[in-house]
Each structure stands twice: as C-alpha cells, then as structure tokens.
Amino acid sequence: MDIASLRGTYDIFPPQSRIWESVELEARRIFNVYGCSEIRTPIIEDTRLFTRSIGEGTDIVNKEMYTFPDRKGRSITLRPEGTASVVRAYLQHSLYKDQGLCRFFYIGPMFRYERPQAGRNRQFYQLGTEFLGSTHPYYDAESIALLTTFFKTLGITDAVVKLNSVGSRSSKENYSLSLKDYFAPFIKSMCEDCITRFEKNTLRILDCKNPACRETIKGAPSTEHALNQEDAEHFHSVKEYLCAMNVRFEIEPRLVRGLDYYTNTIFEVVHTRLGSQDALGGGGRYNNLVEEMGGPSTGAVGFAVGIDRLVMVLEKILSSQETALSDSLDVYILNPNDSLSADHIVMLHALRSCFVKADMCTEQKSFKAQMRTANKLNARFVLIHGEDEIRQSIIKLKNMTQKTEEIIPYTTFYTAVEKVIERIGKK
RNA sequence: GUGGGUGUAGCUCAGUUGGUUAGAGCGUCUGGUUGUGGCCCAGAAGGUCGGCGGUUCGAACCCGCUCACUCACCCCA
C-alpha cells in the first residue's frame with residue numbers, strides 16, 4: 001500500500017488503546033466529582049477565533065495552524081487548542097447570564113503543524129477544564145488541585161507542578177518594560193533568537209537555554225517584583241490555598257507561557273520520564289479573554305493535559321503484564337463440523353445477549369487448530385457441540401484453566417444456554 | 001523552519017573489503033494418526049532490501065535526490 005497516515009498523525013490500537021480508554025474514563029470520573037460538565041465544540045472554527053485569542057505574535061498562530069479556505073473562501077482553522085472554542089461557545093450561548101460559575105471539561109484532538117518529535121504530534125489529544133465566571137484565587141488553586149489529583153489517580157506520583165504569576169495586564173506590561181530596560185545594554189551580545197524575542201516578546205527571553213544568555217538572564221528582575229499589590233495578593237492566596245490542600249508546587253520565576261491570553265497565575269506540570277517535551281499539562285488564568293472576545297468582564301482559569309504524553313508516561317509505569325491481562329474471552333465455540341451450523345450462530349447470539357463475552361470458530365480447521373485458537377484468544381471455556389454431542393443431546397464445556405470438561409444436557413436450547421452461563425459464572 | 005541518527009519478513013534485528021538462490025529470533029499457518037490448547041518437535045508461507053536515479057561486469061552495501069520514521073533545536077500539551 002502506498003498510502004500511510006499523515007506525518008505527525010498515528011493510529012492507536014490494542015493494547016495501547018486500553019490505556020487511552022482508562023485515561024478518558026478516569027478523567028470523566030474526576031471531572032464529574034469536581035463539578036465539571038462536558039462540552040463538545042467543533043474541531044473546525046473561524047480562523048479569527050484563534051488569531052484573536054491566542055495572539056497574533058505567538059508561534060501557534062504564526063506558523064503552526066492548519067488553516068485553509070473552505071469552498072466559499074472563508075478561512076477555516078483546525079483547532080490548535082481548546083480554550084478559545086470554549087470561550088466562544090460560552091459567549092455565543094450567553095452562558096454568563098445563567099449562573100456565577102461554569103465548569104467545563106473537554107476531551108479531543110487538536111492540530112498544530114509542527115515538526116514531530118517525542119511527545120509532539122500534528123494531531124494530538126488534549127483533555128482540559130475551564131472555569132468561567134470567577135476571579136477568585138481559590139479556583140486557580142482548585143484547577144491545579146484537580147490536575148494533580150487526576151494524575152495521582154492514574155498512578156503518576158512523581159509529576160512536578162511549576163507555578164508562577166505574570167500578573168494582570170498592567171503588571172504584565174510593566175514587567176515587560178522593566179525587562180526591556182534590563183536587557184537593552186546586553187542585547188547585542190545575546191543570541192539571535194533573543195534579539196528577535198527582545199522586540200517580539202520580551203518575556204520569552206527568560207526561556208532561552210543558551211548558556212551565555214543564561215548568565216545575563218540570571219540578573220533579570222523576577223516576575224514577583226513586577227506584580228502590583230492586588231496581583232501579589234492574588235498570587236499569595238493561590239499559594240496559600242494550594243498548601244491548605246496539600247498540593248506541592250515549585251515556584252518558577254522564569255515560567256512564561258506561549259499564549260497571549262494568560263494573566264496572573266500560570267502553571268505547568270512536568271514529568272522527568274518524558275524527554276525534551278516534558279510538559280504533561282499546563283494552564284493558567286485568563287481574565288481578559290472573555291471580554292476581549294466581546295463578552296462581559298469575566299474571570300476564568302483552566303488547564304489542558306496532553307493525553308499523548310500522559311499515555312507515554314503510563315506505558316512506562318504500567319507493566320506490560322497489566323495491559324495484556326485484560327484481554328480474555330469467556331467462551332469460544334468450536335466448529336467441529338465442516339460447515340458453520342445455524343445452531344452455533346443462535347447459541348453465540350444468545351450468550352452475547354446475556355453479556356457473555358463469546359466468540360466462535362467460523363473456519364474449517366482441525367480440532368487441534370481450533371483449540372490452539374481458543375488458547376490464543378485466552379478463552380476461559382471452550383464449548384464443544386459437534387456431531388457426537390448432538391447425537392447424545394449434550395454440550396461439552398471445557399474449562400481451559402482447570403483442564404476439566406463438563407457435560408451439559410441439551411434438553412432444550414434455553415435450558416442449555418442457561419446452564420452454560422451458570423457454569424461460566426456470568427449469572 | 002534548522003540540524004543529527006535510522007529505513008532489510010507482520011515485529012525486533014543480523015548481513016564481511018560491493019560477488020551466485022538475502023538470513024535469524026519472535027509471530028503466523030500446517031502437521032506430530034480417530035475430536036482436545038499451552039511446552040516440545042518438524043515443516044511451510046511471508047521480502048519491489050523505503051522510493052527514484054547514478055557509478056560498476058555486478059549494489060542491501062558506494063554516490064545523489066526524495067519520502068518516511070526518530071531525536072534534538074524551536075515551541076508547547
């Protein structure tokens with residue numbers, strides 16, 4: 001075949017898909033406990049939604065979006081993240097009129113045109129929450145607590161929460177200015193990237209990994225000094241609430257995020273077993289976004305988790321035994337006669353109607369070969385109903401683990417099925 | 001977008017300084033006497049050596065281009 005999955009996209013199949021299922025199941029469970037309801041938004045949106053919310057100067061908007069004209073020439077974009085769509089839906093349906101706080105969660109694919117790498121794909125999957133309608137610092141803390149609780153229930157105990165605050169818009173602007181003042185004398189000796197960052201997005205200089213730049217960055221003013229009174233208090237409360245909930249975190253003064261809409265609290269959860277793309281999740285507060293999108297001033301906070309990366313970590317934690325074990329069959333119906341009998345089809349159907357995980361052999365194979373198949377399928381029982389059994393009006397049921405065989409009388413179809421189900425222990 | 005690494009059977013990989021019919025392990029299938037699995041034994045199927053072009057008497061091996069995978073930069077989840 002000459003057609004393969006597109007670059008940066010991939011297929012998920014067993015046994016790996018089982019991990020995905022359990023992640024999603026656990027997420028729904030925890031989110032429900034925290035009062036979040038699911039929101040499903042379209043995967044395609046008007047391009048302007050993202051350019052406005054994420055920011056014109058960001059990498060996502062500049063070079064990573066899947067953007068194309070539709071048949072009427074409108075600019076369409078495959079969503080690169082979830083928050084913008086949630087905010088759009090929130091506004092479009094005037095949800096801010098209903099109640100104080102809306103708690104949503106979402107799960108689904110996102111798209112970014114990037115060079116694939118470990119933990120980075122063009123179609124990737126995120127699950128996340130958005131709390132809309134409050135500026136209270138408690139919800140910043142609750143978001144982080146929910147995130148860490150989720151990881152813990154999945155068995156991830158060694159993830160690290162990194163926390164910082166960039167402050168409100170005015171604090172952010174102040175900070176940006178003070179950084180410019182600080183870097184101005186050194187900028188000519190810094191790396192090329194930093195020079196462009198200096199003009200484009202000064203905050204991002206703090207993220208530079210160049211050792212020479214690093215030295216200059218060390219002396220840069222930290223975000224905390226740039227926060228105004230109110231922002232500092234907000235940040236302080238968040239930290240206090242986190243401590244109260246026994247959530248561990250590390251203050252990371254250099255932490256800045258690539259999306260423009262963040263204000264105040266920003267956080268990231270990293271895991272050491274991931275490689276260079278080590279963020280399992282991240283998020284923060286975005287108090288201006290709803291208003292910027294044309295709604296009322298609305299406080300909001302949220303996070304997103306990279307499911308692809310989460311699964312990578314879980315695969316390393318879980319033993320291969322654990323993932324393979326779950327695949328077993330209750331009964332395998334043999335086909336000792338040459339042709340597929342109607343009796344077997346009806347039997348299979350009846351068993352499945354009673355939620356017995358059953359399957360049957362439809363091929364013309366030797367008895368031995370059929371037994372081998374049963375074994376390969378990890379069948380707990382094998383049901384034998386061939387010519388001999390028909391003559392004697394019985395069914396043979398072999399217990400594969402105990403290697404025992406039981407004879408079940410076949411007086412009527414229903415009593416026989418009943419007995420089989422009873423023996424299998426599914427009643 | 002920039003760099004490094006890698007493409008040989010379904011999977012994991014060998015393959016000598018270029019030289020006849022390209023191998024192994026696992027997996028798959030079929031047998032090992034009448035209709036009974038795993039273990040063991042025997043056998044079989046399965047490959048455009050990523051693709052295209054070049055060098056050569058001769059290329060899986062050398063060269064060029066291209067595609068894909070992969071890791072890193074960048075950025076993010």
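First the proteins, then the strands, lettered A, B, ... as listed; each starts at 1.
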Base [N] paired with [X] side chain (donor-acceptor, <3.5 Å):
| X | N | value |
| --- | --- | --- |
| A/Lys403 | B/rG38 | yes |
| A/Gln370 | B/rU36 | no |
| A/Arg372 | B/rG32 | yes |

Task: Between A/Lys365 and A/Thr373, a side-chain donor and acceptor under 3.5 Å - done: yes
Rounded distance (Å) that lies between atom [atom2] of [N] and atom [atom1] of [X]:
| X | N | atom1 | atom2 | value |
| --- | --- | --- | --- | --- |
| A/Arg115 | B/rG1 | CZ | P | 7 Å |
| A/Lys368 | B/rU33 | NZ | P | 7 Å |
| A/Glu114 | B/rA77 | CD | C1' | 10 Å |
| A/Glu130 | B/rA77 | CD | C1' | 13 Å |
| A/Leu383 | B/rG35 | CG | P | 19 Å |
| A/Leu334 | B/rG37 | CG | P | 11 Å |
| A/Phe111 | B/rC75 | CZ | P | 24 Å |
| A/Gln392 | B/rG35 | CD | P | 15 Å |

Open item on the list: Could you check whether A/His385 and A/Tyr410 have their ring centres less than 6.0 Å apart?
Closed with: yes
TODO: Taking the side chain as every heavy atom from C-beta outward, state whether A/Arg380 and A/Val331 have any pair of such atoms under 4.5 Å apart.
DONE: no
Open item on the list: Can you see if the side chain of A/Ser276 gets near the phosphate of B/rC73 - specifically, an N or O under 4.0 Å from OP1 or OP2?
Closed with: yes
Open item on the list: Can you tell me if A/Lys63 touches the phosphate of B/rU2, counting only side-chain N or O atoms and a distance under 4.0 Å to OP1 or OP2?
Closed with: no
TODO: Give the ring-plane orientation class for A/Tyr286 versus A/Tyr262, where under 30° counts as parallel, over 60° as perpendicular and anything between as tilted.
DONE: perpendicular
Using a 4.0 Å heavy-atom cut-off across all strands, classify [X] as base, sugar-phosphate, or nothing.
| X | answer |
| --- | --- |
| A/Asp388 | base |
| A/Glu363 | nothing |
| A/Gly119 | base |

Open item on the list: What's the gap between B/rG50 and B/rU56 when it is taken at their C1' atoms, as a whole Å value?
Closed with: 23 Å
Open item on the list: Let's see if you can work this out: which of B/rU36, B/rC75, B/rA72 has an atom nearest to the side-chain heavy atoms of A/Gln117?
Closed with: B/rA72
Task: Base-pairing mate for B/rG43 - Watson-Crick or G-U, with both contacts under 3.5 Å - done: B/rC29
